[in-house]
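So the structure is just underneath, and the comments pick up after that.
Just so it is clear: chains get the letters A, B, ... in the order the sequence lines come, proteins before strands, and each one is counted from 1. Atoms considered below: every heavy atom in the structure, side chains included; atoms not considered: hydrogens, waters and symmetry mates.
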Amino acid sequence: MMAAYDHKKIEEKWQRQWDEEGVYITTEKDTRPKRYILDMFPYPSGDGLHVGHPKGYIATDIYSRYQRMQGCNVLHPMGWDAFGLPAENYAIKNKVHPRQAVEKNIARYKSQLKKIGLDYDWEREINTTDPAYYKWTQWIFLQLFKKGLAYESSEPINWCPSCKTGLANEDVQDGRCERCDTFVEKKPLRQWVLRITQYAERLLTDIDELAEWPEHIKELQRNWIGKSDGAEISFCIAGHNEKIQIFTTRPDTLFGATYMVLAPEHPLVEKLQSDITNWNEVDAYRHEAEHKGEIERTAVGKEKTGVRLDGVMAVNPANNEDIPIFIADYVLGYYGTGAIMAVPAHDERDLQFAKKYNLPIRQVVIPNKEQFEGAWALIETPRGTFLFQKRDGNAKKDPSKIVPFGGMRDEGEDITFCLIRELKEELCAEFSKEQIRFLIASDSMNDGEDIKNNFLALFYLSDVSPTHVRLGDEGEAIMEMTLEDALAHPDVTEPTKNIIRYFLGEKTMVKAYTGEGDIINSGVFDGMTSTNAKDAITEFVGGKMMAQYKLRDWVFSRQRYWGEPIPLIHCEACGVVAVPEKDLPVTLPIVERYEPTGTGESPLADIEEWVNTTCPECCGPAKRETNTMPQWAGSSWYYLRYIDPTNSAHFVGEAKERYWMSVDMYVGGAEHATRHLIYARFWHKFLYDNGFVSTNEPFTTLKSPGLIYGADGRKMSKRWGNVVNPDDVVDTYGADTLRLYEMFMGPFADAAAWNTESIIGPRRFLERVWRLLGALGEYTDPALESLLHKTIEKVSEDIRNFRFNTAISAMMIFVNEAEKKGTVGREAYAVFVRLLAPFAPHITEEIWRGVLGNAESVHRAHWPKYDAGKIVSGAHIITVQVNGKVRDVFEIDKDISEDDARRIALAREKIKKWTDGKDIKKIVYIKNKLVNIVTG
RNA sequence: GGGGCAGUGGCGGAACCAGGUAUACGCGCACGACUUAAAAUCGUGUCCCGAAAGGGAUGUGGGUUCGAUUCCCACCUGCCCCACCA
């Protein structure tokens, strides 16, 4: 009788043994193909791991064990990202030094990971807070500094009043600090900033190289970089030397720019102060905008506000018109040039603003012939009245309507032709193009029917009195009214009233036309397509086509203690000087008080003996830079350090870098898509450009695990009391069961809720595997043998594609089948054990060495090869359909001819029932699979 | 407002990439065996209607096809990301 499956005993025993034997130690002295398999390393927070965290680690563990058994030299390391706000805030809250807190948390994390039986090579463990590590983080910073990619700036930046530090754009989510959820403020602060925008274009275009990245992550990065193609154009200020630079994606609408808007913080406002006659009002608005929170200022749907700069006018370079200048907070200081040309006819925001401040709206793009559906005209008489048509209704359902003249476009017509034709039909009067005073596109005529892209025109009836026009042939009557009377008239339709309101200047219902089309009201450019006009008009006014990016430069300073000191020295005589490489690392001083000061200075600024130093260039007195680096610094290059973790002369040895890079498989959360993964790509490209690394991109394949939610479907959090600790699961069910369950929950990339009931399934499976030991014999049933080979193929393929759930399912099917047979050969069983080994490393090791008596670890064994010859058994099940519906199946022993298959199918009793008395039109045959009989 | 992804039993999901017996595998549930009893384990059953024959079902509606969960179009619903980005 077999002893019962005792997971505790087995798991502890083999974890100890693996450590002693160094089963997972990686070396480079090797001719095997390499596989660099990497997990995003964790921040060791005080809460420890919950069962969601190891999901990705288990996946890479399975993957790396598989690759190792396949004969690859595998690097699968782990380390700690321990600088930054989470660790420091935890330390402050628990009143311990961050260093101690970090050490304690790391020990906890490490023991949790070890319990799960992960195959990390712990000899390569790294820790971003280790001076031997951050020496090289500082070194890379200095390379950036020397190449001009790090600069000092005092621009207002995002400031978290609770964490008391500046933040990068990426650290702000929905206007709140990503760490503590406090609303961020704008605060001018001396900062070190990395010029990541210099790499924006390459970071964007090289995304296309990343064939093995998930599409949604790539899309997130593209959106974050946010490229817009457009033009930069300058507008003169009348009677002034100053110019206003604007960026627009629609230079084709320049003739429609009827005013300009500067961001409230635009520096030009200050410069124009002496010309602005309402300075008090302007200044008040600026102050108000400054103190509004980001959220308040950028809230969608908020009514637009602004103040006109009285006394100054800009000049539209296209038509030399003087146009007013406003400041308004709907223009953001930090995007583009902080100033816009406003084209209310073609931009929804400008339109809202124009309506509110009663600014002219000029249509300069109209949908082209293919795009518009109908055209409508208001016709003004010399008496100031307007003509409408009255359609008599005859029932409740069809009441009388008063509408403008006009109608639907005929195929191929242009707008003016369509209008003139409609007017001729309905009014029996000839109109000419010259009588059109105003033409605009709108959806306002939509009267319940779906008519898109209508045109509204205002005609002036100069020499034809209404008595000269007569009724059209559809029985309409002509109504002559003032627009005010029409608005009050009950029979005038609501869309018609909207048009009237628009012409009366109320401008309530018209939507901006933001599409492309043909140019009008733009002088020599009339008739050009808007697409072609972009370049032409830009050139005409001396602007230049260029791109803008949403990506901002990376604010790289934190006014906090727990980070890498920025290795720079401020000398009065020499300016900012780099710390010489031989003096790296600049270590964090041990201090009593490390709480943030809130003054905009780092706590390091108070430590005189650390701050005061000598200038490396002139040897005069100097002060150290006291800002520290953000949390993201250490993680921007850590994957390189694992390759050569103890090298004291270089951040990574050249030959080793060439051997291991790039990372073949990188697994980690999608929440890092727009931060870590962009920062790391940026640093890597910089290192590549300067010859320090050999690849253009760091990570070949990327996979993101779906979240594991609590049993209640909510995110696992102390707040909800739904956290499951992996230690408890390991105690109760064992690490092997935990691993199998997490992989069996569903597709790797999908989110799933933890289910305390379902975990028993994988446990039962392992017990069945264990019990099968009692059924070992010398004979393996041929059908089982065939199934085994199918299982080898399936499991191999599924691991390669991260489809662990179906791999486990295939192994379950094999075990179920073996149990049914009652016996399984030792050899076949040993093959199966190797398939299971990456998933359940402990139980399989116990069986492999302890029971089957192998000397070497199963994790160093060869992956089984499947024999295609054994999979093809010769038997096939043929499905018989009649008209696509399954009516019967039959089995054949070996390949048969198409004719035979048809004959057998037609002869089946069940099939005859469906085909009797019917014409057989056609028979579709798919070899060894299906016969489909199509009857008349 | 823009973009991405997804809708299949009581539940997690499989088949979708490459159209060909929809619901594999697991959980749960029901019944049975073992047991004084329970737990564990084992066995049988488990999409819906129907006695059966058969019919219906993969969010909804269309299309392509001999045949659609799979491909195409529109819509509905849910989740995620971005968002006054000029």
Side-chain angles (χ1 to χ4, degrees), chain A residues 4 173-174 214-224 226-228 230-231 246-251 253 257 261 263 297-304 328-332 334-343 346-350 352-353 514 548-552 670-671 673-674 706-707 740-741 744-747 749-765 767-768 771 801 803 805-816 819 877-889 913 921-927 929-935:
Chain A
Q173 309 214 311
D174 296 329
E215 200 47 53
H216 73 278
I217 303 266
K218 291 196 275 188
E219 208 50 39
L220 284 177
Q221 291 211 349
R222 288 192 189 102
N223 289 341
W224 189 262
K227 183 180 184 181
S228 306
I246 60 103
F247 174 77
T248 177
T249 54
R250 295 298 302 271
T253 64
V261 186
R297 215 185 122 166
T298 59
V300 179
K302 183 200 77 161
E303 188 171 342
K304 301 212 168 4
D329 65 8
Y330 81 92
V331 171
L332 308 170
Y334 51 83
Y335 182 76
T337 60
I340 62 156
M341 67 176 199
V343 186
H346 302 293
D347 182 284
E348 201 49 53
R349 295 155 298 173
D350 297 345
Q352 278 180 37
F353 193 82
T514 55
Q548 275 291 335
Y549 302 88
K550 285 200 284 184
L551 184 72
R552 314 252 56 85
E671 70 273 18
T674 54
L707 285 179
L740 277 170
Y741 174 59
F744 190 61
M745 288 173 86
D750 288 6
W754 187 263
N755 186 325
T756 14
E757 280 186 334
S758 297
I759 192 169
I760 194 67
R763 168 73 195 200
R764 284 177 187 155
F765 165 65
E767 281 172 5
R768 281 208 285 276
R771 263 204 313 270
N801 293 305
R803 289 194 294 245
N805 55 333
T806 49
I808 293 167
S809 156
M811 290 188 287
M812 287 172 166
I813 291 169
F814 176 80
V815 169
N816 291 347
E819 270 191 339
I877 291 169
I878 307 276
T879 305
V880 188
Q881 297 180 339
V882 179
N883 293 327
K885 286 195 184 293
V886 177
R887 297 301 181 190
D888 197 10
V889 291
K913 211 168 88 185
K921 275 184 158 177
K922 183 175 168 184
I923 296 177
V924 180
Y925 176 66
I926 309 291
K927 193 174 177 217
K929 264 192 172 164
L930 167 135
V931 178
N932 186 13
I933 301 159
V934 185
T935 65

Picking from [options], which would you name as closest to the side chain of [X]?
{"X": "A:I760", "options": "B:G28, B:U21, B:G3", "answer": "B:G28"}
{"X": "A:V331", "options": "B:A15, B:G28, B:A86", "answer": "B:A86"}
{"X": "A:I926", "options": "B:G4, B:G20, B:C66", "answer": "B:G20"}
{"X": "A:S809", "options": "B:C82, B:C27, B:C25", "answer": "B:C25"}

Counting any heavy atom closer than 4.0 Å, what does [X] reach on the DNA or RNA strands: base, sugar-phosphate only, or nothing?
{"X": "A:Q881", "value": "base"}
{"X": "A:L220", "value": "sugar-phosphate"}
{"X": "A:R763", "value": "nothing"}
{"X": "A:N805", "value": "sugar-phosphate"}
{"X": "A:R887", "value": "sugar-phosphate"}
{"X": "A:V886", "value": "sugar-phosphate"}
{"X": "A:R764", "value": "sugar-phosphate"}
{"X": "A:T248", "value": "sugar-phosphate"}
{"X": "A:I813", "value": "sugar-phosphate"}
{"X": "A:I759", "value": "nothing"}
{"X": "A:K913", "value": "sugar-phosphate"}
{"X": "A:N816", "value": "sugar-phosphate"}

Under 3.5 Å for both donor-acceptor distances, Watson-Crick or wobble: does [N] have a partner, and if so which one?
{"N": "B:C31", "result": "B:G43"}
{"N": "B:G1", "result": "B:C82"}
{"N": "B:G54", "result": "B:C49"}
{"N": "B:A15", "result": "none"}
{"N": "B:C71", "result": "B:G63"}
{"N": "B:A6", "result": "B:U77"}

Glycosidic torsion of B:G9 (syn if within 90° of 0, anti otherwise) classifies it as syn
Between A:Y741 and A:N755, is the side chain to side chain donor-acceptor pair (under 3.5 Å) condition met? List the steps. CA-CA 10 Å; A:Y741 174 59; A:N755 186 325; 5.3 Å; no
For the pair made of [atom1] in [X] and [atom2] in [N], what is the distance, rounded to whole Å?
{"X": "A:K885", "N": "B:A22", "atom1": "NZ", "atom2": "P", "result": "10 Å"}
{"X": "A:K304", "N": "B:C84", "atom1": "NZ", "atom2": "C1'", "result": "5 Å"}
{"X": "A:F744", "N": "B:C27", "atom1": "CZ", "atom2": "P", "result": "8 Å"}
{"X": "A:F247", "N": "B:C85", "atom1": "CZ", "atom2": "C1'", "result": "9 Å"}
{"X": "A:N883", "N": "B:A68", "atom1": "CG", "atom2": "P", "result": "11 Å"}
{"X": "A:W754", "N": "B:G26", "atom1": "CH2", "atom2": "C1'", "result": "14 Å"}
{"X": "A:K929", "N": "B:U21", "atom1": "NZ", "atom2": "C1'", "result": "11 Å"}
{"X": "A:Y741", "N": "B:G12", "atom1": "OH", "atom2": "C1'", "result": "7 Å"}

[N], OP1 or OP2 - any side-chain N/O from [X] closer than 4.0 Å?
{"X": "A:R803", "N": "B:C17", "value": "no"}
{"X": "A:S228", "N": "B:A86", "value": "yes"}
{"X": "A:R768", "N": "B:U41", "value": "no"}

Any donor and acceptor pair, going by atom type alone, linking the side chain of A:D750 with main-chain N or O of A:G706 inside 3.5 Å? no
Please answer whether the main-chain N or O of A:H346 pairs with a side-chain N or O of A:R250 as donor and acceptor at a distance below 3.5 Å. no
Matching residue for A:F353 among A:E303, A:E348, A:K304 - test: side chain to side chain contact (heavy atoms under 4.5 Å, CB included): A:K304
Of A:I340 and A:V889, the one whose closest nucleotide on RNA chain B sits nearer the 5' end is A:V889
Test side chain to side chain donor-acceptor pair (under 3.5 Å), reference A:E219, set A:R222, A:Q221, A:H216, output is A:R222
How far apart are the C-alpha atoms of A:K218 and A:E215, what are their side-chain angles, what is the distance that settles it, and do they pass the salt bridge (charged side-chain N to carboxylate O under 4.0 Å, His left out) test? CA-CA 5 Å; A:K218 291 196 275 188; A:E215 200 47 53; 3.8 Å; yes
Per the atom types in the model, does the base of B:C66 pair as donor or acceptor with the side chain of A:N932 at under 3.5 Å? yes
What's the shortest heavy-atom distance between A:D350 and A:A342, and which atoms? OD2-CA, 3.2 Å
How close do A:G338 and A:V331 get, heavy atom to heavy atom, and via which atoms? O-CG1, 3.6 Å
